[in-house]
Amino acid sequence: MVAKPGDIFQYHYQINFPDAHVSWQIFEGDISIISGQDTQTVTVQFGPTFTKGMVHADGDGLKNGSTRLRCMDHVTITSD
């Protein structure tokens, strides 16, 4: 994925479990979470010094009403 400083993007993490919870983290880069923490869709903005970074999603939910499953994914973004 490619982004420039000042861009605003949304990322969606698909999780098909009831009672789903998604925690978003910025692992690297000048990226700020604007909205959507603890939901399946997050909005981020790339700061003025952005050149590369990583947005990480950590999701969990109930399977069969009793077993909590956890899964994760991330997207790496560059400015070129």
Side-chain angles (χ1 to χ4, degrees):
M1 164 131 317
V2 176
K4 296 181 285 201
D7 283 351
I8 296 174
F9 287 173
Q10 282 191 327
Y11 297 100
H12 181 77
Y13 186 74
Q14 184 63 41
I15 186 167
N16 296 321
F17 300 125
D19 188 34
H21 173 265
V22 179
S23 176
W24 295 89
Q25 297 175 6
I26 306 302
F27 277 169
E28 178 186 353
D30 185 9
I31 306 170
S32 299
I33 295 174
I34 296 173
S35 65
Q37 184 61 273
D38 299 321
T39 70
Q40 288 182 264
T41 302
V42 71
T43 302
V44 299
Q45 183 169 23
F46 299 89
T49 63
F50 174 77
T51 56
K52 66 178 181 173
M54 182 183 299
V55 177
H56 177 84
D58 188 346
D60 68 71
L62 292 176
K63 180 177 181 183
N64 299 327
S66 62
T67 304
R68 186 158 292 278
L69 298 179
R70 185 173 177 201
C71 46
M72 323 170 206
D73 202 358
H74 67 271
V75 60
T76 301
I77 308 115
T78 64
S79 64
D80 50 32

What closest approach, in Å, do [X] and [Y] show between heavy atoms, and which atom pair accounts for it?
{"X": "Ile15", "Y": "Ala20", "answer": "CG2-CB, 3.5 Å"}
{"X": "Ile77", "Y": "Val75", "answer": "CD1-O, 3.7 Å"}
{"X": "Asp80", "Y": "Thr78", "answer": "O-OG1, 3.1 Å"}

field: Same apolar cluster (I L V M F W Y, side chains within < 4.5 Å links), Val22/Met72
entry: no
field: Within residues 3-17 or reaching into it, pairs that qualify as salt bridge (charged side-chain N to carboxylate O under 4.0 Å, His left out) - sequence neighbours excluded
entry: none
Report all side-chain donor-acceptor pairs from residues 32-41 shorter than 3.5 Å, counting only partners two or more places apart or in another chain.
from, atom 1, to, atom 2, distance (Å)
Gln37, OE1, Trp24, N, 2.7
Gln37, NE2, Trp24, O, 2.8
Asp38, OD1, His21, NE2, 3.0
Thr39, OG1, Gly36, O, 2.5
Thr39, OG1, Thr41, N, 3.4
Thr39, OG1, Thr41, O, 2.8
Gln40, NE2, Tyr13, O, 3.0
Thr41, OG1, His12, ND1, 2.6

Determine all donor-acceptor pairs shorter than 3.5 Å in which one atom belongs to a side chain in residues 43-57; sequence neighbours excluded.
from, atom 1, to, atom 2, distance (Å)
Thr43, OG1, Gln10, NE2, 3.1
Thr49, OG1, Asp30, OD2, 2.8
His56, ND1, Asp73, O, 3.4

